[in-house]
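Just so we're on the same page: letters track the sequence lines, and every chain starts at 1.
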2 protein chains.
Amino acid sequence: MTLSLHERIRTDIESAILSGKLAPEDRLPVEHELMQTYQCSRMTVNKALSALAAAGLIERRKGAGSFVGRPHAHSMILDVPDLPVEVAKRGHVYGYQLLVRKLRAAARGNAEEELLAGGRRLLQLDGLHSADGAPLAVERRLVSLAAVPAIAEADLEKEPPGTWLLRHVPWTEAETRISAVPADAEIARLLKTPVGTACLLVERQTWRSSERITAVRQYFLGTAYHLVARFGSSRP
Amino acid sequence: MTLSLHERIRTDIESAILSGKLAPEDRLPVEHELMQTYQCSRMTVNKALSALAAAGLIERRKGAGSFVGRPHAHSMILDVPDLPVEVAKRGHVYGYQLLVRKLRAAARGNAEEELLAGGRRLLQLDGLHSADGAPLAVERRLVSLAAVPAIAEADLEKEPPGTWLLRHVPWTEAETRISAVPADAEIARLLKTPVGTACLLVERQTWRSSERITAVRQYFLGTAYHLVARFGSSRP
DNA sequence: CACCTTAGAATGTATAGACATATGGCGCAA
DNA sequence: TTGCGCCATATGTCTATACATTCTAAGGTG
């Protein structure tokens, strides 16, 4: 694989930074120096440096120069896969069972639900995810009918609502909270596990622009599931 | 904030994708059409499309065209904050206590430890994080002396090793596993909680290129801590 | 009908130049 | 000495063009 010139410039600088030859806050050669070094035009140098800046490795300041960025943006990519797909990838047979389907108003005094409902009704969907027939997770989901009227007619007996929503409703923003909680009586019964078992609790809300679409709480059997987040380029 | 032209083209297409106007696999207008639409040169269009491709939102195929990417959408940004900073941000007083500091060889037969050690010794660091004096998390960390010889002389009594490493050792890749486990006897004793309490277990390994730097297991008191991941721009 | 060739289309890379705009340091003046 | 303004510096954006590379589809040939 022969690299193009701007890729070569980019990787040269990248490895200088990663190897420590260039330390954080160090100043990089200015564009005209790099033009001379690589005997190329300024646009080519610019493309390489812009890519590094977009990746967060360097910081460019108009009028001042280019500088190596502070150690790291401590943020990683968290894969939040579709459960059926993820279970299948691990070699198990995925199953879903709809437990509760209920059209109702937002609970009075529950600010979260009232924001989600937006004056109209909510669709509550409780369900159980399983792998090879064994319970994996139980979820309670609320969907805003104001935002997604079409879901009232969707067939959600076999297909989990998360998957349906993924395919039918584009969202622009989402927030996920991850914590560990003991299973209460109801969760324990559904997951066929003792009360108090450690569960991974995933709470997620999604928006389209500023309109709230759905909120979900998923309780995973702690020993049977984990999330993975990555930073970096490689791929195991 | 007035956007530059290539930024405007980029955000226009971006919002068309996120709003669903452009579906995955859809073909984008070709560069010459966009030149006409925006009355600009091809380089400007190219810059916008290249940025979208770098971000993974679109895929460009030489000779064929540009296409909206597969919904790689559900990967989110997970903040992996420095614990002292995070605790302070929540308005508590952070504390750290080093429990064990031990230079040792990799455990025989433990492939993970042997890979990390790389033929040399490991530094084992066990410690307890607390907020307002109450135990928050216990961690066991192994650092490769082959990769980070300098840590042998570091003062790690007050400053947690994670913070020291963040400041002194650049890493290029990291992987985090998140799961929920019950506290065993030792963890429970250190966290001053009953055996079996639900704990959030965060396991992280970091590399510089292909050289392993450190591996850590952190047990968080489930009720006292949570992680947050986001997708999208705004939101508190 | 199956296969090969080929022309056109679309992106990839690179050049040379122009003007815009933010920065920081130097020198001049109060 | 201090403060202000100017200017050289460096990046930001954009143009117009050129040629390379790869894919697609049309059309011809056996």
Side-chain angles (χ1 to χ4, degrees), chain A residues 1-18 21-70 73 233, chain B residues 1-17 21-72 233:
Chain A
M1 177 64 180
T2 73
L3 295 179
S4 62
L5 186 47
H6 73 261
E7 283 176 314
R8 212 187 109 211
I9 300 175
R10 191 170 71 81
T11 54
D12 279 359
I13 296 175
E14 197 170 277
S15 46
I17 293 174
L18 295 179
K21 269 199 288 266
L22 286 171
E25 304 291 276
D26 274 4
R27 182 172 184 168
L28 294 171
V30 300
E31 295 190 348
H32 280 94
E33 292 179 65
L34 291 169
M35 286 170 65
Q36 294 244 325
T37 305
Y38 291 95
Q39 285 295 301
C40 65
S41 76
R42 203 185 131 213
M43 278 300 289
T44 304
V45 169
N46 191 283
K47 186 163 190 171
L49 293 180
S50 297
L52 288 168
L57 259 170
I58 70 172
E59 187 189 337
R60 311 197 74 195
R61 290 203 286 277
K62 200 189 291 189
S66 301
F67 305 84
V68 178
R70 271 247 144 267
S233 41
Chain B
M1 177 61 178
T2 72
L3 295 179
S4 62
L5 186 46
H6 74 263
E7 282 177 316
R8 211 186 110 212
I9 300 174
R10 190 170 72 80
T11 53
D12 279 0
I13 297 174
E14 199 170 274
S15 47
I17 293 174
K21 271 199 286 268
L22 286 171
E25 303 291 275
D26 274 5
R27 183 173 184 166
L28 294 171
V30 301
E31 294 190 347
H32 280 94
E33 290 178 67
L34 291 169
M35 285 170 64
Q36 294 246 324
T37 305
Y38 292 94
Q39 287 295 303
C40 66
S41 77
R42 205 186 130 214
M43 280 301 291
T44 304
V45 169
N46 191 283
K47 185 161 189 172
L49 294 180
S50 297
L52 288 169
L57 258 171
I58 70 172
E59 187 188 338
R60 311 196 74 194
R61 290 203 284 275
K62 198 189 288 188
S66 302
F67 304 84
V68 177
R70 276 243 146 272
H72 117 301
S233 39

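Going from atom NE2 of A:His32 over to atom P of C:dT15 covers 13 Å, rounded to whole Å. Regarding B:Leu28, its CG atom lies at a distance of 13 Å from the C1' atom of C:dT11, rounded to whole Å. For the pair B:Met35 CE and D:dT17 C1', the interatomic distance rounds to 11 Å; values are reported in whole Å. Rounded to whole angstrom, the span from the OH atom of B:Tyr38 across to the P atom of D:dC14 amounts to 13 Å. One atom, CG of B:Leu5, and another, C1' of D:dA16, lie 15 Å apart when rounded to the nearest Å. Rounded to an integer number of Å, the gap from CD1 of B:Ile9 to P of D:dG12 is 18 Å. Rounding to whole angstrom units, CZ of residue A:Arg61 and P of C:dG25 are separated by 12 Å. Regarding A:Glu31, its CD atom lies at a distance of 15 Å from the P atom of C:dA16, rounded to whole Å.
When each of C:dA16, D:dG12, C:dA10 is scored by its nearest atom to the side-chain atoms of A:Lys62, the top-ranked nucleotide is D:dG12. Considering only the side chain of B:Arg60, C:dG12 comes nearest among C:dG12, D:dC14, D:dT13. The side chain of A:Ala64 lies closest to C:dT23 when the candidates are D:dT13, C:dT15, C:dT23. Counting only heavy atoms from C-beta on, A:Ser41 has its side chain closest to C:dA16 among C:dT11, D:dT15, C:dA16. Of the listed nucleotides (C:dA14, D:dT13, C:dT11), C:dT11 has the atom at the smallest distance from the side chain of B:Val30.
Nucleic acid contact class of B:Arg27 (heavy atoms, under 4.0 Å, all strands): sugar-phosphate only. Residue contacts shown for A:Leu49 are absent, as no nucleic acid heavy atom lies under 4.0 Å away.
Here the closest non-hydrogen pair linking A:Cys40 and A:Val45 is SG-CG2, 3.7 Å.
Checking the phosphate oxygens (OP1, OP2) of C:dT15, a side-chain nitrogen or oxygen of A:Thr44 falls inside 4.0 Å. In terms of phosphate contacts, A:Ser4 brings a side-chain nitrogen or oxygen within less than 4.0 Å of OP1 or OP2 of C:dT13. Contact annotation: A:Ser66 side-chain N/O to D:dA10 OP1/OP2 distance is not under 4.0 Å. Residue B:His6 places at least one side-chain N or O under 4.0 Å from the OP1 or OP2 atom of D:dC14.
Comparing A:Lys47 and A:Gly63 by the nucleotide of DNA chain C whose heavy atom lies nearest to each, the residue mapping closer to the 5' end is A:Lys47. Of the residues near DNA chain C, B:Gly65 and B:Met43, the one whose nearest nucleotide (by heavy atom distance) lies more toward the 5' end is B:Gly65.
Judged by distance alone, with hydrogens and angles left aside, A:Arg42 brings a side-chain donor or acceptor within reach of the base of D:dG12, the pair sitting under 3.5 Å.
Put simply, CD1 on B:Ile9 and CG on B:Leu49 are 7.5 Å apart, with the number rounded to the nearest 0.5 Å. A:Ile58 CD1 to A:Leu22 CG: the interatomic distance, rounded to the nearest 0.5 Å, is 10.0 Å.
Between A:Asn46 and A:Arg60 the shortest side-chain heavy-atom distance falls below 4.5 Å.
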message: Run A:Val30 and A:Glu33 through side-chain contact (heavy atoms from CB on, under 4.5 Å) and show every step you take.
response: CA-CA 5 Å; A:Val30 300; A:Glu33 292 179 65; 3.4 Å; yes

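Under the side chain to side chain donor-acceptor pair (under 3.5 Å) rule, B:Arg10 has a single partner from B:Glu7, B:His6, B:Glu14, which is B:Glu14.
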